[in-house]
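In this text the structure is predicted, and so the values were computed from the model without any measurement.
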Amino acid sequence: MTTPYYDVLIIGGGIIGASIAYFTSKKGLKVAMLEMNTVASGTSSKCDGNVLLIDKEPGFDSNMAIKSQALIKSLSKELEMEFEYRDPGSIFLCANEEELEQAYDWVDQHNRANGKYQFFKKLTKEDLRNDSKYFADHLVGGIECTNDSTVNPYMLTFSLIHAAEKNEFELFEKTPVTFIEKYKSKGFKVHSHDRVFKANKVINAAGVFAPEVSKHLGVPLPIKPRKGHILVSSRAELMGTRKIQEFGYLMTKFGKERKADKIMNDYGIALVHEPTESQNFLIGSSREFIGFDTTVNHQVVQLIAKRAIEFFPKMKDMNIIRSYAGLRPWTPDHLPIISETTVPNYYVAAGHEGDGIGLSAVTGYWMAQMVTDTLEDDISPLSMDRFQEEAI
């Protein structure tokens, strides 16, 4: 049997790998993807569909989000398969004056950093009352980001794969990587049980499993799984069309202290409320480091429901039809790795934590430029080099 040879071999069939497949194949490259299970069977199908700017640090992080938001909006017109793109904006809710002060400062920081992109607004208690009759009375205000959008991540992943297949692209599911070796001067042989694939360049887009893949080439990755739960409600009266979060979500994301019961902080419980196109609601969230365990913890589910009711009292009447847990690929500085490595022609696109859906488009866009030596933007903050000192 002839061993297939590709310009680019992508390891990982989630939304990041799918975006890379789309953008690299558009450049005329011969591309293949190896997925150990099936497309979007991991993190990409166990998350919500956030395409957010509101929770990004002002500066490089926010500029990256803005660029990816624009690309996803373009994809909603460009891709043949629809993926439930909507751009209603999002809101952070503040439970006390201390949070409101920090939130208003967050608005000022962003509006200063983003120049002409004045996407952030301050909301008073009265603004919240006018926005929704369902918000709890104790809320003191919040902030809004008008540029935020949402997608169906499962459908977007398949839309990107479908579009890539119109180019020179092959997908291999149920094909786990068992070994990677250097081939000739700068190429690779990638083994999967009884199959071997040859490639000029390899891109590791394996999410929480990226460190295991990278071990084959002796490149350590500071990525570990961070577990999160999501509840799904039955169809219910619409409690708003926008993504709604508590400001404490931002604090739990970056490990900051907030006023909440100890058990809420221990599990990183913070309200996230997202309506779907079918009028269900996705309700979260939690953050835990407990390895690769995706078993639903019913105590955490109860805590998420309790937290949601604190912000939306009407939710006590809502029926929860299912819950699930997924793993976010976490890095110490909360930024993804989109980078070349010390091994020539071996690249990493992983570590997006909870931002993989929103940053999927810009990751694929930049990686396609990186492997063709046409990268124009300075993305050095995402380089592997930033972890070099820690590794030493």
Ring geometry between Phe179 and His191 (parallel below 30°, tilted from 30 to 60°, perpendicular above 60°)
tilted

Go through the steps to decide whether Phe135 and Phe312 satisfy the test ring-ring contact (aromatic ring centres under 6.0 Å, His included), and finish with yes or no.
CA-CA 5 Å; Phe135 290 141; Phe312 283 98; 5.3 Å; yes

Ignoring hydrogens and geometry, is there a side-chain-to-backbone donor-acceptor pair from Asn204 to Ala210 under 3.5 Å?
yes

Calculate, to the nearest 0.5 Å, the distance between atoms CD1 and SG belonging to Ile15 and Cys47 respectively.
7.5 Å

For Lys122, salt bridge (charged side-chain N to carboxylate O under 4.0 Å, His left out) partners two or more places apart:
Asp108

Is the side chain of Glu173 donor-acceptor paired with the backbone N or O of Thr38 at a distance under 3.5 Å, no angle test?
no

Contact between Leu9 and Ile203 at the side-chain level, heavy atoms closer than 4.5 Å - yes or no?
no

Backbone N/O of Phe281 and side chain of Ser233: donor-acceptor pair under 3.5 Å:
yes

Are the side chain of Asn111 and the backbone N or O of Phe120 linked by a donor-acceptor pair below 3.5 Å?
yes

Closer than 3.5 angstrom, by distance alone: can the side chain of His162 be matched with the main-chain N or O of Met81 as a donor-acceptor pair?
no

Residue pair Leu123 / Ile91, side-chain heavy-atom distance below 4.5 Å:
yes

Donor-acceptor check, side chain of Ser339 to backbone of Met384, threshold 3.5 angstrom: yes or no?
yes

Show the numbers, then the answer: is there a ring-ring contact (aromatic ring centres under 6.0 Å, His included) between Tyr324 and His229?
CA-CA 6 Å; Tyr324 55 89; His229 285 73; 9.2 Å; no

How far does CD1 of Ile223 sit from CZ of Arg328, to the nearest 0.5 angstrom?
15.0 Å

Would a distance-only check, ignoring hydrogens and angles, find a side-chain to backbone donor-acceptor pair under 3.5 Å from Ser159 to Met155?
yes

Any side-chain heavy-atom pair from Cys94 and Leu139 closer than 4.5 angstrom?
no

Note: Arg386-Asp333 ion pair, threshold 4.0 Å (strictly below):
yes

Go through the structure and list residues passing salt bridge (charged side-chain N to carboxylate O under 4.0 Å, His left out) with Asp293, not counting sequence neighbours.
Lys227

Taking the six-membered ring for Trp, are His334 and Trp330 parallel (under 30°), tilted (30 to 60°) or perpendicular (over 60°)?
perpendicular

Would you check if the side chain of Glu353 reaches a backbone N or O of Asp355 as a donor-acceptor pair within less than 3.5 Å?
no

Go through Tyr183 and Phe188 one step at a time and tell me if the ring-ring contact (aromatic ring centres under 6.0 Å, His included) criterion holds.
CA-CA 4 Å; Tyr183 174 69; Phe188 302 89; 9.5 Å; no

Heavy-atom distance under 4.5 Å between the side chains of Met33 and Phe169, does that happen here?
yes

Under the 3.5 angstrom rule, does the side chain of Asn96 hit a backbone N or O of Glu99 as a donor-acceptor pair?
yes

Donor-acceptor check, side chain of Asn50 to backbone of Leu52, threshold 3.5 angstrom: yes or no?
no

What is the ring orientation for Phe209 with Phe292, classed by angle as parallel under 30°, tilted 30 to 60°, or perpendicular over 60°?
parallel

